[in-house]
Structures are given as structure tokens and as C-alpha cells.
*Asks:* 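Below is one structure. I have some questions about it.
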Amino acid sequence: MTADLPSAYAPQQEAALKAIAKWMKGGGDQVFRLFGYAGTGKTTLARRIADDADDLVLFGAFTGKAASVMRQKGCHDAATIHSLIYRTKEGDEGGPTFTLNRAGPASKADLIVIDECSMVDSDLGNDLLAFGKPVLVLGDPAQLPPVRGGGFFTEAEPDVMLTEVHRQAADDPIVRMAMTVREGGRLSLGEFGESRVVSRRTLDPAEVLDCDQVLVGMNKTRRLYNNRLRQLAGHTDPMPSIGEKLVCLRNDRTKGLLNGSTWTVQALRPPPRPDTIRLDVVPEDDPALRRRAVDIKVLRQVIEGSEEEIPFSMRRETDEFTYGYALTVHKAQGSQWDKVVLFDESYAFREHRARWLYTGLTRAARAITVVV
DNA sequence: CTCATCCC
């Protein structure tokens with residue numbers, strides 16, 4: 001674990017640590033909900049809790065990407081919840097099927113810590129609790145709930161809610177914008193530090209090309225903007241060229257591929273089949289972590305974002321990537337970039353519009369441009 | 001004027 005933990009905590013964080021310590025002695029509820037908004041120091045507490053525990057602690061998250069972020073924060077062997085509780089069987093037509101793995105990792109744990117718990121739906125949440133183990137869930141209730149099944153953990157009241165934004169974050173324009181949106185407010189046009197809110201008419205395309213990640217709401221917009229950004233960069237071939245940005249669409253543990261991770265094309269290899277391309281790609285988000293390129297094979301129709309159903313036998317033999325200049329906020333949940341351009345399509349998400357915008361805003365670590 | 005995950 002990391003050693004650079006702060007020696008002092010804010011009063012709210014101290015109280016949270018006490019409440020969790022008491023819960024861990026047992027006799028109470030199976031689940032402890034530690035919720036907190038962006039900038040409230042949830043991560044710090046999660047690390048501390050993990051450090052203090054003597055027993056066998058398992059770390060999990062809904063997506064492979066979120067589990068990877070957990071590992072980077074020092075949570076050893078953090079894995080997907082699926083891999084902790086399920087055994088997979090190859091389905092006839094419908095891809096993999098999951099059955100409870102009663103003797104699997106979750107059955108041996110003394111404590112299970114789940115991060116980004118707003119992503120967990122009711123099916124997975126119920127199956128996780130079926131192991132009867134104490135589960136500490138960390139999450140942000142202002143984030144988007146799962147598409148189906150509802151936010152199993154975040155629909156209930158928290159045991160501890162961290163609301164105090166720590167000092168350096170309180171001055172951060174991104175955190176302030178996120179707070180405004182969470183409280184039901186609207187963003188006003190203007191500049192806020194390095195961040196800004198601009199109208200579509202006054203947007204400079206150069207700014208969009210310059211950012212680390214473009215985020216949108218709808219897949220229709222994502223495809224449109226990916227095409228536009230490729231055009232602006234001078235790419236005419238429908239297949240990727242060297243230097244282009246791709247996003248991975250399916251985990252592959254042995255190859256180190258995470259759904260939602262972004263990559264840069266480093267080299268083109270001869271196509272193995274007329275319907276398939278072969279590329280070397282390097283990770284975009286953590287280039288220091290792993291320099292080595294990964295050799296991938298992708299069906300042309302997957303790159304092109306074809307809606308057609310591809311047989312599972314065919315999908316299993318290939319990797320899944322498409323253009324990653326623009327991503328949906330849903331896809332980006334669990335990821336962060338320094339400079340983000342966010343096209344506000346919150347109107348499309350009705351009752352979840354504030355959560356959509358909040359989730360989009362909090363994907364930016366340093367600067368955000370919101371296009372309204 | 002809707003979004004999506006999981007495995008080997």
C-alpha cells in the first residue's frame with residue numbers, strides 16, 4: 001500500500017473512519033455505505049480502511065476499468081465483481097452466461113470493498129450479498145445509475161455521507177460547477193479558471209482538437225463527432241491510420257485490454273483477412289505504466305461501429321475497438337482526463353439529466369469546456 | 001431527445 005497518507009483528517013472523515021471501525025467489529029448490517037461527492041476525499045479514506053484491515057480484504061468494482069483504477073490507488077488485486085462471484089459458461093448463442101461461484105474468491109473474504117458502487121445494479125448487488133460477507137461500498141450517489149436494474153447500493157441512504165469538499169478542491173472550478181449542477185442549478189456562460197462554458201456558435205474547432213477527450217451524450221452524436229474529428233485531422237480512409245485514437249470495447253485480461261480504455265495506433269500490420277485489420281496500439285491514459293504495444297485484430301465492421309449483430313464465434317477470435325475521439329459520458333464513467341470538452345446533451349437523459357452532466361463534468365481533472 | 005456491463 002502507499003505510504004503517503006495524510007496524518008490529519010477533516011472532522012467528517014475522522015467520524016467516517018470511526019463509524020466504519022465500529023461496523024467492522026460486526027453485529028450490525030451486512031452493508032456499510034460510505035458515500036461522497038467528488039472532492040470529498042473518499043479515495044483517501046478507502047486507502048486508509050484497506051491499510052488498517054488485518055483480515056482478508058477483497059477489492060472489487062463493476063467494470064474492469066474501475067477495478068484497474070482501484071489497483072492504481074493501492075487496492076491489491078482489485079478485480080471485477082463478476083470475477084469474484086461468478087463462474088462463466090459459454091452460452092449457445094448469447095455469449096457467456098454467469099453462475100454463482102459458491103467456492104470462489106468472495107466465499108473466502110472477511111471483508112469485500114466495492115468502489116464506484118453507483119454502477120452496481122440489483123442483480124449483481126443481490127448476488128454479491130448472497131455470499132453473506134460484510135461489504136463496504138464506496139460511491140458517489142450524484143453519478144449516473146446503471147442503465148438497467150437501478151443503483152442497487154446508491155438507492156438506499158448512506159451510513160456516512162461525505163459532503164465537505166476539501167480546501168484545494170473547494171477552489172477548483174470543476175468541483176464548483178459539479179456542485180452547482182448536483183444542487184439543481186444551471187451553468188452560466190463564461191470562463192472559470194482554465195475551464196469555460198461556451199455556446200456551440202462560438203466554439204473554436206481547434207479547442208476540440210486540442211483537448212484530451214471529447215464527451216457527448218448519445219451514440220448518434222458520438223459517431224458523428226468521431227467522423228468529423230477524423231475529417232478535421234485529414235483522415236480519409238475509413239480504417240485507422242498511425243496516430244489515430246481508438247477506444248477498447250471489451251476486456252481481455254491476458255492482453256491487458258480494458259473496456260473503455262483509449263489507445264493510439266502505433267503501427268499497421270498486414271490484414272489477416274479481408275474483413276479484419278491488424279494493428280499495434282499503445283495505451284493513451286497511462287503510457288508510463290506500460291510502454292509495450294499490443295497487437296490487436298479488429299473486424300472492419302466493429303471499427304466502423306456497425307449496428308449489425310456479429311456472431312459470437314467471430315467476436316471471440318477478434319478484439320473490439322472503435323474510434324475514440326468522442327465517447328459517451330456513460331462509457332467514460334470511471335475514467336478521467338486532464339482536458340475535456342463536454343457537449344451538453346443532458347436534455348436527452350430526462351430524470352437523470354443532472355446526474356449525466358455531473359458525471360461528465362467530473363471526468364475532467366484539470367480543465368473542462370462545456371459546450372451548451 | 002437515451003444509456004450499458006460482465007468472461008477466457
Side-chain angles (χ1 to χ4, degrees), chain A residues 60-70 78-101 104-106 114-128 139 143-154 200 215-225 247-261 296-297 305 307 309 312-320 322 326-335 342-360 363 371-372:
Chain A
F62 185 61
T63 64
K65 177 88 203 221
S68 148
V69 172
M70 263 184 118
T80 63
I81 300 171
H82 285 77
S83 71
L84 297 179
I85 68 170
Y86 292 133
R87 198 191 297 282
T88 55
K89 277 181 191 160
E90 213 52 60
D92 309 332
E93 294 288 326
T97 56
F98 300 96
T99 51
L100 273 191
N101 185 7
I114 303 296
D115 199 9
E116 296 280 2
C117 74
S118 61
M119 293 170 143
V120 179
D121 62 24
S122 54
D123 287 349
L124 191 69
N126 280 313
D127 284 348
L128 174 63
Q143 281 209 32
L144 280 166
V147 169
R148 280 200 177 138
F152 179 75
F153 291 114
T154 42
R200 252 159 244 254
L215 299 179
V216 301
M218 293 177 286
N219 278 318
K220 198 174 75 180
T221 316
R222 176 179 60 83
R223 281 190 284 269
L224 184 73
Y225 284 18
V247 60
C248 173
L249 302 174
R250 196 185 65 213
N251 294 338
D252 186 329
R253 260 190 68 211
T254 59
K255 291 174 97 167
L257 302 178
L258 291 169
N259 187 0
S261 60
I296 60 167
K297 290 199 254 321
E307 303 274 305
E309 275 296 307
F312 280 94
S313 56
M314 219 163 157
R315 290 175 58 171
R316 233 179 281 120
E317 294 162 9
T318 54
D319 305 299
E320 295 189 19
T322 191
L327 302 179
T328 64
V329 165
H330 279 80
K331 190 77 166 173
Q333 200 169 6
S335 297
L342 174 65
F343 286 87
D344 184 4
E345 294 189 306
S346 55
Y347 51 80
F349 298 93
R350 303 170 187 236
E351 72 269 31
H352 295 135
R353 61 178 312 217
R355 287 177 175 191
W356 182 88
L357 192 50
Y358 174 92
T359 304
R363 295 313 93 201
V371 188
V372 295

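Every chain is numbered from 1, with letters handed out A, B, ... down the list of sequences.
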*Asks:* Would you indicate whether the side-chain heavy atoms of A:Leu128 and A:Leu84 approach each other to under 4.5 Å?
*Replies:* no
*Asks:* What string of B, S and - do you get for nucleotides 1-8 of chain B 5' to 3' if you count protein non-hydrogen atoms under 4.0 Å?
*Replies:* BSBBBBBB
*Asks:* Where does the angle between the aromatic ring planes of A:Phe62 and A:His82 fall among parallel (under 30°), tilted (30 to 60°) and perpendicular (over 60°)?
*Replies:* tilted
*Asks:* Are side-chain heavy atoms of A:Leu342 and A:Val329 found at a separation under 4.5 Å?
*Replies:* yes
*Asks:* Does any N or O in the side chain of A:Asp319 come within less than 3.5 Å of the main-chain N or O of A:Lys297, such that one atom is a donor and the other an acceptor?
*Replies:* yes
*Asks:* At their closest point, which heavy atom of A:Lys331 faces which heavy atom of A:Cys248, and how far apart are they?
*Replies:* CE-O, 4.3 Å
